[in-house]
There are 2 protein chains.
Amino acid sequence: MARTASYDRNAALETAMNLFWTKGYHATSLKDLEARLQMKPGSIYAAFKSKEALFRATLDRYAARMSAELEALIAASPTPLEALQTHLRSLAVIAPCDRPSTACMLVKSLLEAPQEDELRDFITAHLDRVETLIAAALNDAQRKGTLPETCDTGRLARRVQTYIFGLKVQAQRETDPDRMRDLCHDLADEIGRAAAA
Amino acid sequence: MARTASYDRNAALETAMNLFWTKGYHATSLKDLEARLQMKPGSIYAAFKSKEALFRATLDRYAARMSAELEALIAASPTPLEALQTHLRSLAVIAPCDRPSTACMLVKSLLEAPQEDELRDFITAHLDRVETLIAAALNDAQRKGTLPETCDTGRLARRVQTYIFGLKVQAQRETDPDRMRDLCHDLADEIGRAAAA
DNA sequence: AAAATACTTGAGCAATCGCTCAAGAATGTA
DNA sequence: TACATTCTTGAGCGATTGCTCAAGTATTTT
């Protein structure tokens, strides 16, 4: 073989993800990436091909982590519905220390991506996958009897996702923490009622 | 006096707004604006001072129109609550012919604006104003007896706005129109129940 | 008609954009 | 040690960014 790479691909992706997540795609320049990744342009392009390719890789990473966390929460909860309610309530934290932004990176990127663009399809595909994941959990709940058979799980899943979108946008306004908590609890409770109907 | 301006300031602002609305702030270049406004850089800067100043002017325009439309809808509806429900249901139209994007320009701009930036405060101020407008309508409903006194109007207003945010993001995914309609109706119905409680 | 006053024009500025590539450095194998 | 292979470096490419300003043009006032 030959010389081994001196950078940590995983760490570089994580750093790039945090940068894109906070600043957005357009506002993140290669100079920014060079500085934060501590890599020269040549290395970045050798490793990730292009700015957009790197961006897509970070979107993959973000979506994978988001899905994994949600699946873990579902697995650790008594029922999928309670997991989703817990998740909604967790969005009340205005300034989370574990993530660079309260906004959803996928939503942020979706709104930034041009219409009828391949990148947009790439992002919506990820969002579709999350929706499917939620619906699958609800289907599972029906099979186990914790959710009424009459419930349209796909429809409820879209509703939950819409709440997540809305709450994460609200979190960007950084208003009163109490109000944010009330709002999250209202929507979490609402999901409980929607599932019962 | 002297030479009169050959451009229509109102029309120019409208065109610029539509451009920023669809493409976003960063992705809209001055070349784009020059082409669509049919104005040379010098004229643009003489008229609007800077790209960001022009952007803010278009945000003002957008917010003013949004508020006016909402107020008109409230005035034309039997009760404010029904107006809000009608509005939520109207978001079901995937490709509206009267607007360049289904997304909310304020939300789009909020997510694009850097954190702890003056521009962000500018945008959140507009969103706060809309929230206040909704709350005021609900207060009015309480005075007129069409909304229970027990209802926390500020809290409900934030809830409605969260639904609007979520629905407008969902509309960006351009999925099935039937599903979108179901979703909008679900949330509109829910607001009715939330107000009754 | 002349002067004053605005608005329009567009070449082009400095800075930055995403990106390339030849040269050098470090590791593996022989 | 010599060679092959891979990674790192960074100067700098052409294009584009937001923007300026001196010159030109149109309109009103005197």
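FYI, side chains are in, hydrogens and waters are out, and symmetry mates aren't considered; it's all heavy atoms of this structure. In what follows, chains are A, B, ... by sequence order, proteins preceding strands, each numbered from 1. Since the structure is predicted, the reported quantities are computational estimates derived from the model, not experimental observations.
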Protein-proximity profile, nucleotides 14-22 of chain D, B/S/- by nucleotide at the 4.0 Å heavy-atom cutoff, equals ---SBBBB-

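Along DNA chain C, the nucleotide nearest B:Ala46 and the nucleotide nearest A:Ala27 are compared for position; the residue whose nucleotide lies closer to the 5' end is B:Ala46.
The CG atom of A:Leu33 sits 11 Å away from the P atom of C:dC19 (whole-angstrom rounding). At whole-Å resolution of the value, CE in B:Met39 and P in C:dC7 are 11 Å apart. As rounded to whole Å, 14 Å separates atom P of D:dT6 from atom OH of A:Tyr7. As rounded to whole Å, 14 Å separates atom C1' of C:dC17 from atom CD1 of A:Ile44. Rounded to an integer number of Å, the gap from CG of B:Leu37 to P of C:dT9 is 12 Å.
At the phosphate of D:dT8, OP1 or OP2 sits under 4.0 Å from a side-chain N or O atom of A:Ser6.
Not a single donor-acceptor contact under 3.5 angstrom links the side-chain atoms of B:Arg3 to the base of C:dT5.
Taking the six-membered ring where the residue is Trp, A:Tyr62 and A:Trp21 present perpendicular rings, their angle passing 60° and hence far from 30°.
Qualifying salt bridge (Lys or Arg N to Asp or Glu O under 4.0 Å) partners for B:Glu34, counting only residues two or more places apart in sequence or in other chains: none. Residues that satisfy the side chain to side chain contact (heavy atoms under 4.5 Å, CB included) test with A:Ser67, not counting sequence neighbours, are A:Val130, A:Leu133. Residues satisfying the salt bridge (Lys or Arg N to Asp or Glu O under 4.0 Å) criterion with A:Glu118, sequence neighbours excluded, are A:Arg56.
Among pairs with a residue in residues 66-83 of chain A, those fulfilling salt bridge (charged side-chain N to carboxylate O under 4.0 Å, His left out) read A:Glu69-A:Arg99, at least two apart in sequence or across chains. Each ring pair (Phe, Tyr, Trp, His ring centres under 6.0 Å) pair with one or both residues in residues 143-176 of chain A, not counting sequence neighbours, appears once here: A:Tyr163-B:Tyr163.
The residue B:Ala5 sits close only to the backbone: its heavy atoms come under 4.0 Å of sugar-phosphate atoms, none of a base.
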